[in-house]
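Have a look at the structure below, then the notes.
Values reported hereafter were calculated over all heavy atoms of this structure, with side chains retained and with hydrogens, waters and symmetry mates removed.
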Amino acid sequence: MSAVPAVFVHGNPETAAVWDPLLAELDRAGSPRAGLICLSPPGFGAPLPDGFGATVDEYRDWLIGALEEIGEPVDLVGHDWGGAHVVNVAVSRPDLLRSWTSDVVGIFDRDYLWHELAQRWQTPGDGETDVAERFGAAVETRTASLVERGMSRPVAEQVATAQNETMGRAVLALYRSAAQPVMAELGHHLEQASQRPGLALIATGDHMVAPTCNAGVRPVARALASAPWRGSATGG
C-alpha cells in the first residue's frame, strides 16, 4: 500500500519555503518525498489568476480543487491562513481528507477578535498604506523583519523575495473578506470537521495572533469532541 499523501498549506505573508525545515526532517525520518506536497495559495508564492478575488470562500474552493486533483484522501496540514483554509475544507469536504491539522482553529470561535494588524488591513486606506510600506521595503529589510519574528534566515530570504504587490493585494482582499462576523458564522458549522480526525495546535510562540486565537481553541475543541471523531488540542 502506498503512503497517504501529506499536503501542506502555508499562510500569510509566506510562501511554501516555510515548510522547508519540516520537509527536511521528514526526509531524514524516511518519509517518501513524493508523498509530501506543498500547495501555495494564489497570491502567496503563486500567481493570482484573473478573476480570483482572494476571499475566504475562494481560497476554500481553490484548495478543494487542488485536493480533488490529487485523487485520494490526504493528511492535510495548514499553518496560519493555510490552517483556516484547511478547517474550511474539513467542514465542507471531509471526504477529501484522512486527517487534518490546523494552528488557527481559535479564529472560528464566536468571540474571536482580529489582531491589531489584521484590523488595519481591513480598514480602507490604512491597509493600502501598510501593505505598500511593508512589501515595498527593500528585500533585506523584509528579510530582517521575518528573522526577527522567528524564521531562519534561509527561509526568510526566500519568503521576502516573494513579498510583492500581488501578495499585498491578496492580503487585503483576504482579510477584508474575513472581517467579523464572517469567521464566527463559519464557526457555526465547525462540528462537521469532526467527521475526520483533527488536531488543533496551540501556537504559544505566535505573538501576533496567540492571545486572541488561542483563547478560542478550547471552546472549539470541545465542540469538535462532541462528535464521533474526537478532535484534539495541543500546545507547542
Check: For Glu140, does the CD atom sit with more than 12 other heavy atoms under 6.0 Å from it, leaving out its own atoms?
Finding: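 Count over threshold, so yes.
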
Margin query: Does Phe44 form a side chain to side chain contact (heavy atoms under 4.5 Å, CB included) with Asn12? I'd like the steps, not just the answer.
Written below: CA-CA 7 Å; Phe44 298 92; Asn12 165 63; 3.5 Å; yes

Roughly how far, to the nearest 0.5 Å, is [atom2] of [Y] from [atom1] of [X]?
| X | Y | atom1 | atom2 | value |
| --- | --- | --- | --- | --- |
| Phe135 | Met167 | CZ | CE | 6.0 Å |
| Arg149 | Met151 | CZ | CE | 6.5 Å |
| Asp57 | His85 | CG | NE2 | 11.0 Å |
| Ser99 | Leu199 | OG | CG | 8.5 Å |
| Leu186 | Ser92 | CG | OG | 9.5 Å |
| Glu69 | Leu67 | CD | CG | 9.5 Å |

Evaluate the side-chain proximity of [Y] to [X]: yes if any heavy-atom separation is below 4.5 Å, no if none is.
| X | Y | result |
| --- | --- | --- |
| Glu72 | Pro5 | yes |
| Pro49 | Pro42 | yes |
| Leu97 | Val74 | yes |
| Pro21 | Val155 | yes |
| Thr101 | Leu76 | no |

Check: Donor-acceptor pair, Arg196 side chain versus Arg98 backbone, under 3.5 Å?
Finding: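 No.
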
Notebook entry, point to check: Gln119 side chain to Trp114 main-chain N or O, any donor-acceptor pair under 3.5 Å?
Noted result: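 Confirmed, Gln119 side chain pairs with Trp114 backbone.
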
Margin query: Assess the residue pair Asp80 and His10 against the criterion (side chain to side chain contact (heavy atoms under 4.5 Å, CB included)); give the C-alpha distance rounded to whole Å, side-chain angles, the decisive distance to 0.1 Å, and a yes or no.
Written below: CA-CA 7 Å; Asp80 189 79; His10 61 270; over 6 Å; no

Check: Which side-chain hydrogen bond (donor to acceptor under 3.5 Å, both in side chains) pairs, counting each pair once, include a residue from residues 41-53, with sequence neighbours left out?
Finding: none

Next item on the list: Run the salt-bridge test on Arg93 and Glu68 with the 4.0 Å N-O cut-off and return the result as yes or no.
Entry: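 Yes, charged N to carboxylate O under 4.0 Å.
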
Determine, using the 4.5 Å side-chain heavy-atom cutoff (strictly less than), whether [X] and [Y] are members of one ILVMFWY cluster.
| X | Y | value |
| --- | --- | --- |
| Val159 | Val139 | no |
| Leu172 | Val56 | yes |
| Trp100 | Phe8 | no |
| Tyr112 | Val182 | yes |
| Val105 | Val89 | yes |

Minimum-distance pair of heavy atoms, taken over all atoms of [X] and [Y]:
| X | Y | answer |
| --- | --- | --- |
| Ala170 | Tyr59 | CB-OH, 3.7 Å |
| Val104 | Ala84 | CG2-N, 3.4 Å |
| Arg33 | Asp27 | NH2-CB, 3.7 Å |
| Ala160 | Thr143 | CB-OG1, 3.3 Å |
| Ala54 | Leu48 | CB-CD2, 4.5 Å |
| Pro73 | Asp95 | CG-O, 4.0 Å |

Cut-off 3.5 Å, no hydrogens considered: what does the side-chain donor-acceptor table look like for residues 126-133, sequence neighbours left out?
residue : atom : partner : partner atom : Å
Glu128  : OE1  : Gly125  : N            : 2.8
Glu128  : OE1  : Arg176  : NH2          : 2.9
Glu128  : OE2  : Arg176  : NH1          : 2.8
Glu128  : OE2  : Arg176  : NH2          : 3.3
Thr129  : OG1  : Gly125  : O            : 3.0
Asp130  : OD1  : Trp121  : NE1          : 2.8
Asp130  : OD1  : Arg134  : NE           : 2.9
Asp130  : OD1  : Arg134  : NH2          : 3.3
Asp130  : OD2  : Arg120  : NH1          : 2.6
Asp130  : OD2  : Arg134  : NH2          : 3.1

Check: Tyr175 and Trp81: aromatic ring centres closer than 6.0 Å?
Finding: yes

Could you tabulate the donor-acceptor pairs under 3.5 Å formed by side-chain atoms of residues 13-20, not counting sequence neighbours?
residue : atom : partner : partner atom : Å
Glu14   : OE1  : Gly11   : N            : 3.0
Glu14   : OE2  : His79   : NE2          : 3.0
Thr15   : OG1  : Ala17   : N            : 3.2
Asp20   : OD2  : Gln158  : NE2          : 3.3

Item checked: Among Asn88, Leu96, Val9, the one residue meeting side chain to side chain contact (heavy atoms under 4.5 Å, CB included) with Leu63 -> Val9

Checklist line | Derivation and outcome, side chain to side chain contact (heavy atoms under 4.5 Å, CB included), residues Arg28 and Leu26 | finding: CA-CA 5 Å; Arg28 281 190 284 271; Leu26 292 174; over 6 Å; no

Check: Could you go step by step and tell me if Phe108 and Val87 meet the side chain to side chain contact (heavy atoms under 4.5 Å, CB included) rule?
Finding: CA-CA 9 Å; Phe108 293 90; Val87 172; 3.6 Å; yes

Check: Does a donor on one side chain sit under 3.5 Å from an acceptor on the other, for Glu58 and Thr55?
Finding: yes

